[in-house]
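A short worksheet on the structure shown next.
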Amino acid sequence: MRPSRYNFREAEPRWQQAWEKARTFETRTDDPRPKYYVLEMFPYPSGRIHMGHVRNYAMGDVVARYRRAKGHAVLHPMGWDAFGMPAENAAMEKKSHPATWTYANIATMKAQLKSMGLSLDWAREFATCDPDYYKHQQAMFLDFLSHGLVTRKTSKVNWDPVDHTVLANEQVIDGRGWRSGALVEQRELTQWFLKISDYSEELLKALDDLPRWPEKVRLMQANWIGRSEGLMVRWELVEATAPEGQRELEIYTTRPDTLFGASFMAIAADHPLAKAASENNPALAAFCDECRRMGTSQAAVDTVEKKGFDTGVRAKHPLDPNWEVPVYVANFILMDYGTGAIFGCPAHDQRDIEFARAYALPIRPVVRPANLSDAEANAAFDRDAAPFTDDGHLFNSSFLDGLTVPEAKDAIATRLESILLAGKPVAQRKVNYRLRDWGISRQRYWGCPIPVIHCESCGTVPVPKKDLPVKLPEDVTFDVPGNPLDRHATWKHVNCPQCGGKARRETDTMDTFVDSSWYFARFTDPFNAQEPTTLSAIAKWLPVDQYIGGIEHAILHLLYSRFFTRAMTKTGHATLSEPFDGLFTQGMVVHETYKNAEGQWVPPAEVTIESGPDGRRAFETASRHEVTIGSIEKMSKSKKNVVDPDDIIESYGADTARWFMLSDSPPERDVIWSEEGVQGASRFLQKVWRLVGDAMALPSGNTEEIHPVTKAAHKAILAVGEDIERLRFNRCVAHIHELSNALNDALAAEGSGAHGDQIKAAARTMIQLCAPMMPHLAEECWRELGGEGFVADAAWPIGDSALIAESSLILPVQINGRKRAEVTVPADADTATLEVLVLADLAVQAALDGKPVRKVIVVPKRIVNIVV
RNA sequence: GCCCCUGUGGCGGAACUGGUAGACGCGACCGACUCAAAAUCGGUUUCCGCAAGGAGUGCUGGUUCGAUUCCGGCCAGGGGCACCA
């Protein structure tokens, strides 16, 4: 006997086991059908999955299951982004080894993901902390090294002087170390870099070839790469003022047209000239030290007050040897960008004008609006007004006078290129990029070791490939701060692979972004023990057809992966440039917040919502005390507005959780998790169960005519398919609701059983359309409706647009753009016939009220507009 | 400061490429079933108005036979980037 309610607790695990036993979702590499690679960003094993994961993986699973049904060989793998700081923090706090902690979390989260019933190929699972994974990463690093894609240079880190440890930006809070509370200093360390900046132009240009990426993400990447065209200009220093050995100062500018408005030079505290000038100037040295005490994060640099210090050095204007400008050290000039030096033109730059006002420097306007004369512009100039940064015409600028800004940029570049200083042109055109090389060195234990050995006589020597992997030692302690690899008793002491002499291992590990920059490639053949990738598998499966993840990875992860794919291709590990053909960034999961009378946050699980005509009220379930409903915010531990996926799956089942995640909200926007919403989803599942049961109970029978339910079914097939392809899951849900309503109507009207076959067919269609979103219930119903095998293996139904066609349609009629009537007309009537039909209609006649018709506009199958 | 996105009923949202604004769902209300409740089913639900009718997609102006959609200005909310020369 069929139960009247669907029992998900019994059915869901049963179908999960059945799929697993049948190995339904394992991908055969030699599958001859057209491929489709669906990938969701793999999770960090933090301990438990959260609702954001549920949303992300529910979306990916719909795409994967739909593509399977459409006859694709689908690759839909899952793994773990398993290296990173939280494991070390847990090691310090809970005294568990990072590996133990990480693998335990993976086990928990894998069980949670399995309970969602995702169509994943678990046979391909790996964690980036598996030596079997990172040994290939080390091999590729060595290949990158030999192909000139790796460099070693100094860069700054946040140094905690108390804990003697390097801090991540997120560990620096208000300029202090998060544990020690000590003021953070900048320290220079020699570090390993991947030369992503060699690909700046390429990575920028290729953004145009990614039409299936969100415009927003491409724009963010373009801004991050930050191409600018400018001029490198060398300024001769006034000899009497310059430190020993310093003859000139080179700056980079994108506004060379404003050179005649120059009033000062500003250099970074780490600029060689600043260091040289500091030697005999303790006050300047102290100022440079102060600049260095800022954190290395941009946020830290941003919030600091703009300050400068006159070095006493003077520079000669390149076009007027008698014109001298002062050289300042300024805390807002970054050594990393351009040459670490600028010239300031206060009249035409916001930052420069603030600096000039603060240090009483001259402000000379050189660009005027096109509608003013030179004299008017000079008269109108105001030191205290905002700088003029628009395009205009040059004045007060010698041979540039009267030119537009672009003309002046070109003219001054041409002039300066022909002037020689110390035998070389004083200026040179230069395209510059904001994008910097990718520093991958981390002074931490829980990461992929950089496979290099430092030998006193041979220098840096790559670890021979036969010695890979360089494995992390297991016997490490976290009771003191600092890098456990560095203080390990034996690990770093090795013999040099070249000379055999005493040497030491590199103790830095790789940035975890390296791990995630090629995992998608490894998934195409994770079984290859010899090589990182199998080229035939890369060629077959890449690029990823649909990549889905959070917008927070819009820049770094996606840009690094694009670079890494190119680097892999250069070193023979891949055969393409762009790893992700289609990208989708989903919104966050948000929830209401609740506060009790004492002002404490209350978790949703302890709150009961009651709604009536006066709105919604919330009560603590246990005490019945009313709580205040607060704003809707991203789920976070601090506000306690977190809903645990396990609790939801336990109370409602995986299908309900998935269905609700996909309903209502457009996937790129935030979705509000609410108890009412999830209950609505649950009710719909039961409705599907009931409709299928009622349909099944009908006797067989058919008539020639096409029943409305058949039309509804075919309409839904076409609409749902199109909307899945465009990732508009909320609309899919609406279409399925419509079909279920049509089915409900058909069942209610069915007395004699004359249309049994058509109604049953419509029920089957509904189940197939539901299957990508609520796979367990769909399997259960599919079996009942006599479907063969798994619905997961069934071909997607084919919609027949001919069945939907109507012989007549209702056309709205507007008069002067206002809807006044509706006229039923034959679907195939031509424009002239329509005009006659519409004008003859009684309701139209009444609305026209005898006014003369000036014009009739007919939009076929849409609307008729009469102009009177 | 710069850049981007968003703004539609009580709520989430729909409306293809300029062509019937409010699909679908949530909530609410009314009714049926029930001793009763839950569940379920049926109906109503943009606002004003008894109605006829009118208004209406953040505000404002424009283009158009016709604007949620295109353009200008403004307001509000969200996000990203940044002393980037």
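Each chain gets a letter, A, B and so on, in the order its sequence line appears, and its residues count up from 1. It should be emphasised that the depicted structure is a prediction, and the values quoted were computed from it without experimental measurement.
- Taking atom P in both B:rA14 and B:rG22, one finds a spacing of 15 Å when rounded to whole Å.
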In dot-bracket notation, what is the pairing pattern of RNA chain B, taking Watson-Crick (N1-N3 plus N6-O4 or O6-N4) and G-U wobble (N1-O2 and O6-N3) contacts under 3.5 Å, with [ ] crossing and | for other strands? (((((((..(((......[....)))((((((.......))))))(((....)))..(((((..]....))))))))))))....

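- Between B:rG10 and B:rA76, the distance separating the two P atoms is 23 Å to the nearest Å.
- Taking atom C1' in both B:rG19 and B:rU69, the straight-line distance is 11 Å, to the nearest Å.
- B:rG62 and B:rU57 are spaced 15 Å apart, taking the P atom of each and rounding to whole Å.
- For A:Asp664, the side-chain atoms get nearest to B:rG25 when compared with the rest of B:rG25, B:rC4, B:rG27.
- Where A:Tyr252 and A:Ile866 each meet RNA chain B at their nearest nucleotide, the meeting point lying more 5' is that of A:Ile866.
- For A:Glu738, counting side-chain heavy atoms from C-beta on, the closest listed nucleotide (B:rG80, B:rA23, B:rC84) is B:rA23.
- Comparing B:rA55 with B:rA67, their P atoms sit 13 Å apart, to the nearest whole Å.
- A:Arg854 has no side-chain polar atom (N or O) that falls below the 4.0 Å cut-off from OP1 or OP2 of B:rC65.
- Nucleic acid contact class of A:Ile736 (heavy atoms, under 4.0 Å, all strands): none.
- Side-chain N/O atoms of A:Arg690 include one lying less than 4.0 angstrom from OP1 or OP2 on B:rC41.
- Comparing atom distances between the A:Ser228 side chain and each of B:rG27, B:rA85, B:rC24 picks out B:rA85 as nearest.
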Between A:Phe660 and A:Tyr652, is a ring-ring contact (aromatic ring centres under 6.0 Å, His included) present by the stated rule, with each step listed? CA-CA 11 Å; A:Phe660 175 58; A:Tyr652 295 97; 9.4 Å; no

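- Counted by atom type alone, A:Ser197 and A:Asp437 present one or more donor-acceptor pairs between their side chains at under 3.5 Å.
- Spacing between atom CD of A:Gln586 and atom P of B:rG79 amounts to 17 Å, rounded to whole angstrom units.
- Under a 3.5 Å cut-off, the side chain of A:Asn432 and the backbone N or O of A:Ser228 do not form any donor-acceptor pair.
- The side chain of A:Arg669 places no N or O atom within less than 4.0 Å of a non-bridging phosphate oxygen (OP1 or OP2) of B:rG78.
- Put simply, the side chain of A:Val217 reaches to within 4.5 Å of the side chain of A:Leu558, judged on heavy atoms.
- Take the nearest nucleotide of RNA chain B for A:Val864 and for A:Ile555: the residue whose nucleotide is more 5' is A:Val864.
- In this structure, A:Asp349 reaches neither bases nor backbone, as no heavy-atom distance under 4.0 Å exists between it and the strands shown.
- Whole-Å rounding puts the A:Arg436 CZ to B:rC81 P distance at 13 Å.
- Nucleic acid contact class of A:Asn432 (heavy atoms, under 4.0 Å, all strands): none.
- Once rounded to the nearest 0.5 Å, the distance linking CG of A:Leu769 with CD1 of A:Ile736 reads 5.5 Å.
- For B:rG80, neither phosphate oxygen OP1 nor OP2 lies less than 4.0 angstrom from any side-chain nitrogen or oxygen of A:Arg218.
- On the C1' atoms, B:rG54 is 50 Å away from B:rC35, given to the nearest whole Å.
- Across the protein-nucleic acid pair, A:Phe332 atom CZ and B:rC84 atom C1' stand 12 Å apart, rounded to whole Å.
- Within 4.0 Å (heavy atoms only), A:Ile857 reaches at least one base atom of the nucleic acid.
- Residues satisfying the salt bridge (Lys or Arg N to Asp or Glu O under 4.0 Å) test with A:Asp664, not counting sequence neighbours, are none.
- With a glycosidic angle further than 90° from 0, B:rG61 counts as anti.
- Looking at heavy-atom distances under 4.0 Å, A:Ser665 makes contact with sugar-phosphate atoms alone, never a base.
- Under the salt bridge (Lys or Arg N to Asp or Glu O under 4.0 Å) criterion, A:Asp410 pairs with A:Arg429, sequence neighbours left out.
- Atom CZ in A:Arg5 sits roughly 10 Å away from atom C1' in B:rA38 (whole-Å rounding).
- Using modelled atom types, no side-chain atom of A:Thr765 and backbone atom of A:Ala713 make a donor-acceptor pair closer than 3.5 Å.
- Considering only side-chain N and O atoms, A:Asn730 lies under 4.0 angstrom from the phosphate OP1 or OP2 of B:rA14.
- Of the candidate nucleotides B:rU40, B:rA85, B:rC81, B:rA85 has the atom lying nearest to any side-chain atom of A:Ile342.
- OP1 and OP2 of B:rC84 both lie 4.0 Å or more from every side-chain N or O belonging to A:Asn223.
- The interatomic distance linking A:Met661 (CE) with B:rG12 (C1') rounds to 14 Å, in whole Å.
- In this structure, the CG atom of A:Asp694 is 10 Å from the P atom of B:rC41, given to the nearest Å.
- Aromatic rings from A:Phe264 and A:Tyr359 are positioned such that their centres are separated by 6.0 Å or more.
- Nucleotide B:rG80 holds its P atom 18 Å from the CD atom of A:Glu215, rounded to whole Å.
- Here, B:rA21 and B:rG58 have their P atoms 16 Å apart, quoted to the whole Å.
- Distance alone, capped at 3.5 Å, places no donor-acceptor pair between the A:Glu668 side chain and the A:Thr585 backbone.
- Distance, A:Gln814 CD to B:rA67 P: 8 Å, rounded to whole Å.
- Rounded to a whole angstrom, the distance from the P atom of B:rU6 to that of B:rC41 is 37 Å.
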